[in-house]
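Position 1 is the first residue of the sequence; numbering continues from there. As a basis for the values below, the full set of heavy atoms in this structure was taken, side chains included, without hydrogen atoms, waters or symmetry mates.
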Amino acid sequence: MRNRRQFLIDAPLGLLAATALPAGAQTPPPAAPAGAPPTFGAMPAVGPALTQATFAEAEKLMQVTLSPAERAMAAASWPTSMAGVMERRSGPRKLALEDNAAPASQWNPVLPGQQAGPARARFLRSAAAPGPLPADDADIAYAPVSKLSRWIESRQLSSERLTGIYLERIRRLDPKLRSVITATPELALRQARQADREIAAGRYRGPLHGIPYGVKDLLDTAGIPTTWGAEPFRERVPLSDAAVVARLNAAGAVLVAKLSLGALALNDIWFGGQTMNPWLPEEGASGSSAGPGAATAAALVAFSIGSETGGSIVSPSMRCGVAGLRPTYGRVPRTGAMTLCWSLDKLGPMTRSVEDAMLVLRAISGPDAGDIASVPAKLDFDAAAPVRGLKLGYFPQWMEEAPATAIDRQALAMAQKLGMQAVPLSLPDWPWQSLNTILFAEAAAAFEEITLDGRLATLREQTPDAWPNLFREARFLSAVDFVQADRMRRKVAGEMARLFGQVDLMLVPSLRDEMLTISNHTGHPSLTLRTGFVDVSEARSDWAPHPARPLPKFDPPRRVPHGVTLIGRLFDEGTLGRAGMALERAAAVAAHRPPGF
């Protein structure tokens with residue numbers, strides 16, 4: 001390559017313009033004198049010819065403005081300065097990136113100098129006796145894991161019987177919900193019988209031993225289809241288990257179903273249709289952990305594993321009335337899970353009680369070599385620890401406006417009656433949605449191949465707010481804006497550290513967009529739990545309004561669950577768990593069941 005300074009001195013604008021050659025054309029660079037360093041702007045010209053009008057139109061997408069002279073220089077020089085960097089995907093040395101090739105840059109939610117998480121590891125579950133085993137199968141199915149595990153441990157209930165109850169409920173009830181993509185009866189019964197043999201021999205593995213569960217169908221299961229809910233991957237059968245599945249197997253849990261997710265982890269529509277909310281079957285279950293939310297709420301499984309990138313545990317937990325725990329980013333390894341966003345994806349339990357979520361979290365936590373973002377972190381949880389004196393932050397304005405309801409305000413008052421100290425908080429008025437540059441860019445990169453080769457067109461949902469359009473649009477995001485969003489992310493993490501310098505945890509309306517965006521990007525844990533019921537006159541939807549898809553209206557209104565979300569300090573899920581259990585007991589609504597299920 002020529003010396004940069006000499007190239008720019010020698011090349012008048014007209015010569016630069018002449019370098020904009022037709023696609024594929026290349027001109028070898030002139031020989032550089034010995035000792036001249038390589039230079040930008042002197043690569044062989046590649047790509048299509050560009051004009052000033054090309055840039056004038058592109059400026060509208062990026063919301064920047066160039067002067068006519070700047071535009072002329074950019075149009076003339078682009079083929080020799082920027083077009084070549086696209087060779088990785090479009091040039092003669094095109095290079096494929098394997099699914100397990102994570103970006104070199106990693107998000108660390110812990111700020112420099114900050115100590116996050118408890119200093120000790122401790123896990124003390126509740127000691128309460130489970131009571132007698134119910135005679136009715138439905139009563140057994142709806143029992144929380146905290147009780148099921150005691151009955152199985154004492155051999156009042158066999159894993160094989162419990163597994164049969166859930167498999168029968170899947171066969172009978174799932175056609176109304178479409179929450180199961182693949183049932184696994186043969187594997188489940190084999191695992192259940194093994195669990196019974198081990199327990200009879202005195203080899204009890206712990207509270208998940210013999211407990212049937214389901215996982216969102218983006219977690220690999222050896223020899224069992226893992227479809228990601230998307231048409232291009234319907235026949236995908238992995239060879240090994242995801243790390244979380246392997247850990248649940250090691251805990252003795254029994255896999256009964258692969259559960260639905262909105263295609264490629266967006267909303268609640270997959271190739272088999274829309275997953276429905278058992279509390280209100282006229283509306284979707286919300287997503288993208290739609291199957292885990294619906295199946296857990298309707299007692300088709302004892303517990304489930306969901307995932308969240310931007311609300312996919314919180315929203316279906318809220319809609320379906322289950323307890324959803326989104327762990328701190330890095331606590332639970334994602335090895336063997338579909339990647340949507342390397343720096344945002346999180347796996348967590350969805351259960352019918354808060355304590356159940358903690359029991360599952362304990363089993364799946366800890367680093368794994370296959371996930372470079374996973375880290376060792378202590379879990380300090382005592383189910384009987386008092387909550388009096390905990391400082392509970394809240395945002396006064398948020399509690400008085402939609403999407404907050406009277407149930408949110410009652411939950412705050414309830415926490416104060418339990419002895420928690422309510423501390424008002426505030427956030428600066430920043431453009432929080434700018435952080436989603438990271439979400440869209442990473443997601444579009446993760447699915448670049450099926451975007452460019454057209455397989456996205458086979459997805460069932462092709463609306464403007466579905467992934468196919470968003471992935472295509474994301475091709476036009478600025479790399480500069482991505483870096484600036486990343487820098488903003490660190491600034492926002494500092495703002496969260498400031499807030500948690502004042503409080504132990506926060507209570508927020510579950511679907512408050514600002515906190516969903518902020519806490520997912522900063523990696524803070526959340527716990528969503530049912531604390532009451534509200535009446536709705538119209539079905540809710542994850543999707544933007546669409547004239548061809550009107551939402552059902554109800555007269556009289558219909559009663560549905562409503563819950564709040566607790567946000568915790570980094571790696572401090574133990575505090576979320578004990579505060580959530582206290583709220584759950586005080587609200588006394590967790591045991592209510594969806595009619596008809």
Side-chain angles (χ1 to χ4, degrees), residues 128-180 182-200 204 207-215 248 251-260 275-279 281 285 291-305 320-323 349-353 355-357 359-360 530 561 589-597:
L133 180 71
D136 184 71
D137 283 355
D139 292 339
I140 294 174
Y142 274 102
V145 174
S146 58
K147 290 187 176 185
L148 293 172
S149 62
R150 299 292 192 193
W151 291 326
I152 285 179
E153 182 183 11
S154 62
R155 299 175 64 186
Q156 297 178 66
L157 174 66
S158 71
S159 176
E160 184 173 2
R161 180 186 173 193
L162 182 60
T163 300
I165 289 172
Y166 285 124
L167 289 173
E168 190 276 333
R169 290 180 66 82
I170 288 172
R171 286 191 294 270
R172 178 165 52 87
L173 298 174
D174 189 63
K176 303 176 187 178
L177 298 177
R178 294 186 290 274
S179 68
V180 174
T182 304
T184 58
E186 295 84 5
L187 171 66
L189 290 170
R190 186 166 65 248
Q191 290 179 331
R193 290 165 185 150
Q194 178 183 345
D196 288 334
R197 289 192 298 269
E198 291 176 347
I199 293 167
Y204 183 63
L208 300 188
H209 202 175
I211 303 294
Y213 74 101
V215 296
L248 291 172
V254 174
L255 179 66
V256 295
K258 303 295 296 296
L259 301 174
S260 65
T275 300
M276 310 310 287
N277 177 9
W279 287 93
T296 304
L300 307 189
V301 293
F303 72 89
S304 59
I305 302 294
C320 298
V322 302
M350 298 173 70
T351 59
R352 286 187 295 277
S353 80
E355 184 176 7
D356 287 3
L359 292 171
V360 177
R530 188 198 315 175
V589 295
H592 292 220
R593 304 177 190 176
F597 290 91

Counting N and O atoms only, with roles assigned by atom type, does the side chain of [X] sit under 3.5 Å from a partner on the main chain of [Y], one being a donor and the other an acceptor?
| X | Y | result |
| --- | --- | --- |
| Ser149 | Ser146 | yes |
| Asp356 | Val145 | yes |
| Tyr213 | Ile305 | no |

[Y] and [X], any side-chain heavy atoms less than 4.5 Å apart:
| X | Y | answer |
| --- | --- | --- |
| Lys176 | Met276 | no |
| Pro349 | Phe303 | no |
| Leu189 | Leu167 | yes |

Tell me the closest heavy-atom pair linking [X] and [Y], and the distance in Å.
| X | Y | result |
| --- | --- | --- |
| Thr296 | Ser304 | OG1-OG, 2.8 Å |
| Gly131 | Trp151 | O-NE1, 2.8 Å |
| Ala135 | Arg161 | O-NH2, 4.0 Å |
| Ala257 | Thr184 | N-OG1, 3.6 Å |
| Val254 | Ser159 | CG2-OG, 3.7 Å |
| Gly252 | Ala195 | O-CB, 4.4 Å |

Pairwise distance [atom1]([X]) to [atom2]([Y]) - rounded to 0.5 angstrom:
| X | Y | atom1 | atom2 | value |
| --- | --- | --- | --- | --- |
| Tyr142 | Arg352 | OH | CZ | 7.5 Å |
| Arg172 | Leu300 | CZ | CG | 9.5 Å |
| Leu259 | Leu177 | CG | CG | 11.0 Å |
| Asp196 | Leu157 | CG | CG | 8.5 Å |
| Gln191 | His209 | CD | NE2 | 10.0 Å |

Could you walk me through whether Thr275 and Ser179 pass the side-chain hydrogen bond (donor to acceptor under 3.5 Å, both in side chains) check? CA-CA 5 Å; Thr275 300; Ser179 68; over 6 Å; no
Passing candidate, side chain to side chain contact (heavy atoms under 4.5 Å, CB included) with Thr163, options Val256, Leu255, Ile211: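 In the set Val256, Leu255, Ile211, the residue that makes a side chain to side chain contact (heavy atoms under 4.5 Å, CB included) with Thr163 is Val256.
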Are Lys258 and Val215 close enough, and set up right, to give a side chain to side chain contact (heavy atoms under 4.5 Å, CB included), and what steps lead you there? CA-CA 5 Å; Lys258 303 295 296 296; Val215 296; 3.5 Å; yes
Start with the C-alpha gap between Asp174 and Arg169, add the side-chain angles, then the distance that decides, and say whether salt bridge (Lys or Arg N to Asp or Glu O under 4.0 Å) holds. CA-CA 7 Å; Asp174 189 63; Arg169 290 180 66 82; over 6 Å; no
Walk me through it: do Arg150 and Glu153 pass the test side chain to side chain contact (heavy atoms under 4.5 Å, CB included)? CA-CA 5 Å; Arg150 299 292 192 193; Glu153 182 183 11; 4.0 Å; yes
Show your reasoning for whether side-chain hydrogen bond (donor to acceptor under 3.5 Å, both in side chains) applies to Gln156 and Ser154. CA-CA 6 Å; Gln156 297 178 66; Ser154 62; 2.9 Å; yes
Glu160 pairs by salt bridge (charged side-chain N to carboxylate O under 4.0 Å, His left out) with which of Arg193, Arg197, Arg190, Arg155?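 That would be Arg193; it is the only one of Arg193, Arg197, Arg190, Arg155 passing the salt bridge (charged side-chain N to carboxylate O under 4.0 Å, His left out) with Glu160.
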Give the intermediate values and the outcome of salt bridge (Lys or Arg N to Asp or Glu O under 4.0 Å) for residues Asp139 and Arg593. CA-CA 10 Å; Asp139 292 339; Arg593 304 177 190 176; 2.7 Å; yes
